[in-house]
Amino acid sequence: MTSNLRYAWRAIWKNPATTIGAILALALGVGATSAVFGLVNAVLLRPLPYPHADRLVELYGNVQREQVERRGTSFPDFFDWRDDSRSFDGMASWFTAQAILYGPGEPESVQSEIISGPYFALLGVEPVAGRMLDRSDDAPGSGERGVVISERVWERRFARSRDALGRALQINNRVYTVVGVAPAAFRGRSDAAELWVNAAAALSATALQDRGSRGFAVVARLKSGTSIEAAQ
């Protein structure tokens with residue numbers, strides 16, 4: 001053993017550049033392997049941070065061309081699925097939209113999600129303050145045009161004041177009322193959202209009636225004991 005160590009030391013001493021290169025290559029290899037495992041663990045192995053995540057699914061439409069192609073959903077399709085399906089405990093639509101947020105403070109560009117249905121309830125998200133949007137907000141002209149803001153926006157724009165609830169907030173060219181604050185850990189299905197508004201408040205009646213406009217996904221929760229195959 002001693003002679004082997006002496007031989008190894010002499011070899012390292014005679015070729016320091018080669019040795020340093022080998023050590024660096026090994027370090028980079030170990031570091032890259034650790035980084036890839038961390039990414040796989042975060043994206044593929046670790047469960048989604050929602051209660052009963054094994055029953056959460058996303059629904060898409062499809063079109064028949066030369067082959068069947070997956071497409072987003074239209075609001076009329078979503079309404080039909082929601083009203084006619086018997087395989088789910090709930091169903092909600094969502095899609096992302098870049099938004100310009102005005103006052104108080106300087107205007108800023110933030111990521112928003114346009115949602116419909118019991119989006120927050122399906123994902124098990126409780127408000128830090130106020131209330132979350134739910135299906136009662138779906139009907140056009142249902143009353144308050146509400147917005148849920150993230151805890152980060154609450155901090156930046158309102159210094160975490162409870163007076164933020166009920167305040168007017170202009171998003172793009174529309175004015176909304178702050179109805180609730182989502183916890184900082186929740187960033188929506190897009191993993192980047194800081195504002196949530198209801199589709200009935202954000203979109204025109206024409207957009208809500210256009211079956212040919214397919215631009216979003218639908219999140220749903222399978223009923224207990226219902227398989228994905230049965231729901232399909």
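As the structure is a prediction and not an experimental result, all values here were calculated from the model.
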E151, E108, E106 screened by salt bridge (Lys or Arg N to Asp or Glu O under 4.0 Å) with R156, the one that passes: E108
[X] side chain vs [Y] backbone, donor-acceptor pair below 3.5 Å:
X: N172; Y: I100; value: yes
X: T73; Y: V218; value: no
X: R131; Y: V179; value: no
X: R86; Y: D84; value: yes
X: W154; Y: S161; value: yes
X: D137; Y: D134; value: yes
X: R214; Y: Y60; value: no

Say you draw a straight line from [atom1] of [X] to [atom2] of [Y]; how long is it, rounded to the nearest 0.5 Å?
X: L208; Y: S116; atom1: CG; atom2: OG; value: 8.0 Å
X: S74; Y: F79; atom1: OG; atom2: CZ; value: 9.0 Å
X: W94; Y: S112; atom1: CH2; atom2: OG; value: 11.5 Å

I'd like to check [X] versus [Y] (side-chain heavy atoms, cut-off strictly below 4.5 Å). Are they in contact?
X: L203; Y: F75; value: yes
X: F88; Y: R221; value: no
X: V148; Y: V181; value: no

What donor-acceptor contacts under 3.5 angstrom involve side-chain atoms of residues 225-232, with partners at least two apart or in another chain?
unit_1 : atom_1 : unit_2 : atom_2 : d
S227   : OG     : A230   : N      : 3.0

Audit row: I115, F120, side-chain contact (heavy atoms from CB on, under 4.5 Å) steps and yes/no: CA-CA 9 Å; I115 65 172; F120 293 104; 3.5 Å; yes
State whether [X] and [Y] are salt-bridged, where the test is any N-O pair (Lys NZ or Arg NE/NH1/NH2 against Asp/Glu carboxylate O) under 4.0 Å.
X: R82; Y: D89; value: no
X: R189; Y: E58; value: yes
X: R211; Y: D80; value: yes

Proximity of W196 and F186 rings by center, below 6.0 Å: yes
Step-by-step side-chain hydrogen bond (donor to acceptor under 3.5 Å, both in side chains) determination, Q98 to S109: CA-CA 7 Å; Q98 203 66 24; S109 178; 2.9 Å; yes
From V153, L195, L101, residue fulfilling side-chain contact (heavy atoms from CB on, under 4.5 Å) relative to V147: L195
Between Y119 and E113, a side-chain donor and acceptor under 3.5 Å: yes
Intermediate values then yes/no, side-chain contact (heavy atoms from CB on, under 4.5 Å), L56 and V219: CA-CA 7 Å; L56 284 176; V219 61; 4.3 Å; yes
